[in-house]
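Numbered from 1 within each chain, the chains take letters A, B, ... in sequence-line order.
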Amino acid sequence: MESLNQLMQQRREKLEKIRALGINPYPPKFDRTHTSRQIKDNFEALEEKEVAVAGRIMSNRRMGKAAFFHIQDMEGRIQIYVKKDEVGEKTFELYKLLDIGDIVGIRGLVFKTRTGEISVFAKELQLLAKSLRPLPIVKEKEVDGKKIVYDPFSDKELRYRQRYVDLIVNPEVKEVFIKRSKIITAMRNFLNQKGYLEVETPILQPIYGGASARPFVTYHNALDMKLYLRIANELYLKRLITGGFEGVYEFGKDFRNEGMDRFHNPEFTQMELYVAYQDYYWMMELTEEMISTVAQEVLGSMKIIYQGQEIDLTPPWRRLPLLESIKEFTGIEVDNLDDAALKDAAEKLGLVIEDNWGRAKIIDEIFGEFVEPKLVQPTFIIDYPLEMSPLSKIHRNNPRLVERFEPIIAGKEIGNAYSELNDPLDQRERFMQQMQLRAKGDEEAQVIDEDFLRALEYGMPPTAGLGIGIDRLTMLLTDSPSIRDVILFPHMRPEKREEEHEIDWE
RNA sequence: GGGCCCGUAGCUCAGCCGGUAGAGCAGCGGCCUUUUAAGCCGUUGGUCGCAGGUUCGAUUCCUGCCGGGCUCACCA
């Protein structure tokens with residue numbers, strides 16, 4: 001237990017004084033009639049009427065025998081006016097023992113102050129929860145309609161570790177997560193309207209698959225076996241297409257045991273959708289329709305600003321084959337070059353190419369370095385090299401390519417899709433190639449999944465599949481520079497080692 | 001993993017080339033019954049991230065560690 005500093009000590013003393021007044025500092029409930037927003041939006045109708053509001057004290061201006069303070073509820077803040085003559089001696093004593101951060105309920109009359117602020121004139125004041133820790137104090141002032149914030153609570157480490165404080169003190173943070181929720185709801189509604197079925201598939205998997213990534217490993221005691229946290233939903237969802245569902249989707253957490261940065265959190269949310277009898281061209285249309293619809297519903301516009309760049313999500317989006325995109329941005333015509341010449345060309349661009357890299361890896365490198373960052377407006381990069389895509393169908397016009405696309409927006413991929421490979425013999429081949437890569441030390445190569453192959457052998461219809469990174473999409477639609485700004489509790493190292501709290505596994 | 005930067009009061013920060021710390025807000029006490037970054041007067045509060053080293057003396061210099069940020073690498 002950390003020792004109490006002066007401020008926390010004082011609050012505990014106040015708590016005892018409140019108890020001594022015969023007041024329960026943690027009563028069971030409060031009957032609220034209005035939120036702050038409802039009062040502000042309906043002032044004319046509510047003026048001089050009695051309301052009951054509740055929230056956290058966020059500012060306090062005391063003037064002898066009267067005081068103004070703001071309380072904050074889910075929808076905003078409203079000012080409260082307390083006057084000793086009005087609330088009485090005892091309640092005013094209670095008021096004097098309150099702190100910023102305490103949760104209170106007020107019953108009183110709606111009025112407007114001399115300076116024009118809609119407020120509640122307290123007739124009754126009730127403590128609903130005493131706060132024992134001091135909040136950061138953020139003050140703000142409006143000048144010419146612009147909000148100036150003084151001493152913002154800005155330490156990123158504290159904000160991420162104590163998100164509850166961040167949410168209390170920084171209202172725009174709450175907005176981001178409200179939008180995140182609306183994005184997911186809008187997407188779910190879109191998919192439901194199309195008639196697709198939302199399903200749930202295992203997170204704990206005996207064999208992981210569906211992406212190239214290193215997994216987290218866990219252990220089931222009763223079964224005495226290793227399990228993996230899923231890296232993708234893909235293989236289970238395709239089993240369901242085999243099973244006869246013709247459109248299934250899942251919003252799910254995936255887990256990848258890799259580095260962390262501005263665009264990667266070890267656990268992240270993905271929406272995966274599989275639709276029978278369709279191909280990747282069809283899926284491109286669905287994707288642009290879905291993303292633009294979500295933006296329209298959540299933001300009221302298909303035009304967004306991301307980190308200062310204006311982006312127009314209105315369909316149709318540009319479709320650009322991968323190799324053409326490389327030609328466009330670097331002049332390199334990959335198809336005219338043999339392996340050695342391609343390596344030379346890449347090195348001339350300044351890339352460091354390892355000797356054991358194949359063509360696909362070099363192409364991917366050139367794309368990632370010279371093309372992707374330049375694709376600000378939404379673009380479907382289509383038709384990837386076969387070797388990079390063990391789960392997608394070979395291109396109908398070119399056996400060295402697959403029918404795959406990635407939607408790129410603001411220089412970053414936000415998803416991945418293909419005409420799903422449903423030829424079980426070809427799929428087995430591709431798995432075998434992956435196993436060879438794995439034998440050569442590629443820890444991210446995919447693992448053969450015999451049960452998935454068995455499902456394909458029963459026959460899976462032609463299918464289009466799509467994955468959309470919900471975190472990345474949310475970054476885009478909330479103009480957030482880091483994935484940690486759109487995840488409520490981003491992964492952090494433990495604050496300190498507290499031996500006494502270590503969990504004792506058997 | 002590499003590079004750069006940061007860690008000082010509850011919060012936001014200052015502290016030059018070494019002499020064991022300061023501001024604003026918050027808090028506490030006083031005045032103030034329509035204030036709003038309320039105001040005025042007074043005042044408390046710090047193992048200067050942790051551990052070593054150099055030194056008569058370290059918040060300051062050096063090393064290591066811990067935590068974080070940015071970035072590069074890796075990575076769908």
Side-chain angles (χ1 to χ4, degrees), chain A residues 3-11 13-14 58-70 77 79-87 92 96 99-101 111-117 119 121 131-143 147-162 165 169 210-214 231-232 234 254 256-264 266 268 270 352 354 364-365 367-369 372 381 384 388-389 391 404 406 408 412-417 442-444 446 467-469 472 481-482 484 490 492-497:
Chain A
S3 64
L4 299 181
N5 68 30
Q6 190 186 34
L7 296 175
M8 291 181 66
Q9 194 55 51
Q10 285 168 354
R11 288 187 177 219
E13 284 160 14
K14 287 180 182 175
M58 295 304 291
S59 69
N60 195 9
R61 290 180 291 282
R62 197 170 131 203
M63 307 167 304
K65 299 182 183 63
F68 286 94
F69 60 92
H70 280 96
R77 295 185 181 186
Q79 183 170 255
I80 309 295
Y81 179 49
V82 202
K83 195 161 80 162
K84 190 176 178 183
D85 292 348
E86 187 65 31
V87 295
F92 205 73
K96 286 196 273 185
D99 286 296
I100 288 175
F111 78 113
K112 215 177 236 182
T113 62
R114 200 179 278 164
T115 48
E117 179 164 352
S119 307
F121 190 168
S131 161
L132 298 180
R133 268 179 200 275
L135 282 175
I137 304 295
V138 180
K139 296 199 172 187
E140 48 194 51
K141 178 168 74 171
E142 293 241 343
V143 176
K147 202 163 79 172
I148 303 175
V149 179
Y150 298 85
D151 300 331
F153 176 59
S154 54
D155 183 303
K156 287 191 181 172
E157 179 172 2
L158 285 178
R159 288 184 45 219
Y160 297 146
R161 284 194 194 282
Q162 300 186 40
V165 175
V169 154
S212 299
R214 292 164 67 183
I231 59 171
E234 174 153 353
D254 290 336
R256 297 188 185 173
N257 209 337
E258 291 165 351
M260 297 162 56
D261 62 28
R262 208 149 66 77
F263 295 98
H264 301 263
F268 63 100
Q270 198 170 199
V352 179
E354 312 263 334
D364 192 37
E365 199 66 19
F367 176 77
E369 195 66 28
E372 192 180 32
I381 293 295
Y384 284 70
M388 298 165 64
S389 315
L391 299 167
R404 173 179 178 185
E406 289 191 357
I408 315 276
K412 210 71 198 170
E413 77 208 63
I414 61 151
N416 186 16
D442 182 350
E443 293 185 76
E444 299 187 335
Q446 300 190 19
I468 292 288
R472 297 243 180 115
S482 167
R484 293 184 150 192
M492 302 285 270
R493 283 197 165 87
E495 285 177 69
K496 57 187 112 159
R497 298 207 190 110

Which protein N or O atoms sit under 3.5 Å from an N or O of nucleotides 68-72 of chain B?
residue: B/G68; atom: OP1; partner: A/Arg493; partner atom: N; Å: 2.9
residue: B/G68; atom: OP2; partner: A/Arg493; partner atom: NH1; Å: 3.1
residue: B/G68; atom: O4'; partner: A/Glu157; partner atom: OE1; Å: 3.0
residue: B/G69; atom: OP1; partner: A/Arg484; partner atom: NH1; Å: 2.1
residue: B/U71; atom: OP2; partner: A/Arg262; partner atom: NE; Å: 3.4

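- A donor-acceptor contact closer than 3.5 angstrom links the side chains of A/Gln79 and A/Ser119.
- Spacing between B/G42 and B/C5 at atom C1', rounded to whole Å, works out to 40 Å.
- Put simply, CD on A/Glu406 is 13 Å from C1' on B/C75, counting in whole angstrom units.
- Comparing the C1' positions of B/G27 and B/G46 gives an interatomic distance of 15 Å, to the nearest angstrom.
- Atom OH in A/Tyr150 sits about 17 Å away from atom C1' in B/A23, given to the nearest Å.
- Per the geometry, CZ belonging to A/Arg11 stands 8 Å off P belonging to B/C28, to the nearest Å.
- Taking atom P on both B/G67 and B/U55, the two are 31 Å apart, rounded to the nearest angstrom.
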Show the distances under 3.5 angstrom between N or O atoms of the protein and N or O atoms of nucleotides 29-35 of chain B.
residue: B/C32; atom: N3; partner: A/Gly64; partner atom: N; Å: 3.1
residue: B/C32; atom: N4; partner: A/Gly64; partner atom: N; Å: 3.1
residue: B/U33; atom: N3; partner: A/Asp85; partner atom: OD2; Å: 2.8
residue: B/U33; atom: O4; partner: A/Asp85; partner atom: OD1; Å: 2.4
residue: B/U33; atom: O4; partner: A/Asp85; partner atom: OD2; Å: 2.6
residue: B/U34; atom: O2'; partner: A/Arg114; partner atom: NE; Å: 2.8
residue: B/U34; atom: O2'; partner: A/Arg114; partner atom: NH1; Å: 3.0
residue: B/U34; atom: O2'; partner: A/Arg114; partner atom: NH2; Å: 3.3
residue: B/U34; atom: O2; partner: A/Arg114; partner atom: N; Å: 2.8
residue: B/U35; atom: OP1; partner: A/Arg114; partner atom: NH1; Å: 3.2
residue: B/U35; atom: O2; partner: A/Arg61; partner atom: NE; Å: 2.8
residue: B/U35; atom: O2; partner: A/Arg61; partner atom: NH2; Å: 3.2
residue: B/U35; atom: O2; partner: A/Gln79; partner atom: OE1; Å: 3.4
residue: B/U35; atom: N3; partner: A/Gln79; partner atom: OE1; Å: 2.9
residue: B/U35; atom: N3; partner: A/Gln79; partner atom: NE2; Å: 3.0
residue: B/U35; atom: O4; partner: A/Gln79; partner atom: NE2; Å: 2.6
residue: B/U35; atom: O4; partner: A/Thr113; partner atom: OG1; Å: 2.7

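- When the side-chain hydrogen bond (donor to acceptor under 3.5 Å, both in side chains) test is applied to A/Asp254, the partners found at least two apart in sequence or on another chain are A/Arg230, A/Gln270.
- Atom pair A/Asn257:CG and B/C74:P shows a separation of 18 Å (rounding to whole Å applied).
- Using a 4.0 Å heavy-atom cutoff across all strands shown, A/Leu158 reaches sugar-phosphate atoms only and no base atom.
- In this structure, of B/U12, B/A37, B/G10, it is B/U12 that holds the atom nearest to the side chain of A/Ser154.
- For the P atoms, the distance from B/C50 to B/A73 is 35 Å, rounded to whole Å.
- Residues A/Val165 and A/Pro136 meet the side-chain proximity criterion, which asks for heavy atoms closer than 4.5 Å.
- For the C1' atoms, the distance from B/A58 to B/U63 is 14 Å, rounded to whole Å.
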Atom pairs, N/O to N/O, protein against nucleotides 40-44 of chain B, distance under 3.5 Å?
residue: B/U44; atom: O2'; partner: A/Gln6; partner atom: NE2; Å: 2.7
residue: B/U44; atom: O2; partner: A/Gln6; partner atom: OE1; Å: 2.7
residue: B/U44; atom: O2; partner: A/Gln6; partner atom: NE2; Å: 3.0

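- Atom CD1 in A/Ile100 sits roughly 7 Å away from atom P in B/A26 (whole-Å rounding).
- Formation of a donor-acceptor pair under 3.5 Å by the A/Arg262 side chain with backbone atoms of A/Pro481 is found in this model.
- Qualifying salt bridge (Lys or Arg N to Asp or Glu O under 4.0 Å) partners for A/Glu13, counting only residues two or more places apart in sequence or in other chains: none.
- Going from the C1' atom of B/C56 to that of B/U20 covers 14 Å, rounded to whole Å.
- Contact annotation: the side chain of A/Lys83 never approaches that of A/Met63 to less than 4.5 Å [non-hydrogen atoms, C-beta and beyond].
- At the phosphate of B/A38, neither OP1 nor OP2 sits under 4.0 Å from any side-chain N or O atom of A/Lys141.
- When each of A/Phe367 and A/Glu142 is assigned the nucleotide of RNA chain B with its nearest heavy atom, A/Glu142 is the one assigned upstream, toward the 5' end.
- In the interface, the side chain of A/Asp151 is paired with the base of B/G24 through a donor and an acceptor atom under 3.5 Å apart.
- Dense packing is recorded around CZ of A/Arg61, with more than 12 heavy atoms of other residues, nucleotides or ligands lying under 6.0 Å away.
- Look at the C1' atom in both B/C13 and B/C48: the space between them is 13 Å, to the nearest Å.
- Atom name P, nucleotides B/U8 and B/U71: the rounded distance is 22 Å, in whole Å.
- Separating the CG atom of A/Leu7 from the C1' atom of B/A26 is a distance of 7 Å, rounded to the nearest angstrom.
- Among the protein residues, A/Glu258 comes within range of the sugar-phosphate backbone only, with heavy atoms under 4.0 Å from sugar or phosphate atoms but none that close to a base.
- Of all heavy-atom pairs between A/Phe153 and A/Leu158, the closest is CZ-CB, 3.7 Å.
- In this structure, NZ of A/Lys139 is placed 8 Å from C1' of B/A38, rounded to the nearest angstrom.
- Across all strands shown, A/Asp364 has heavy atoms under 4.0 Å from base atoms, whether or not it also approaches the sugar-phosphate.
- Whole-Å rounding puts the A/Lys96 NZ to B/C28 P distance at 12 Å.
- Within the 3.5 Å criterion, the main-chain N or O of A/Leu7 finds a donor-acceptor partner in the side chain of A/Asn5.
- Annotation: salt bridge (charged side-chain N to carboxylate O under 4.0 Å, His left out) contacts involving residues 147-158 of chain A, sequence neighbours excluded, comprise A/Glu140-A/Lys147, A/Glu157-A/Arg161.
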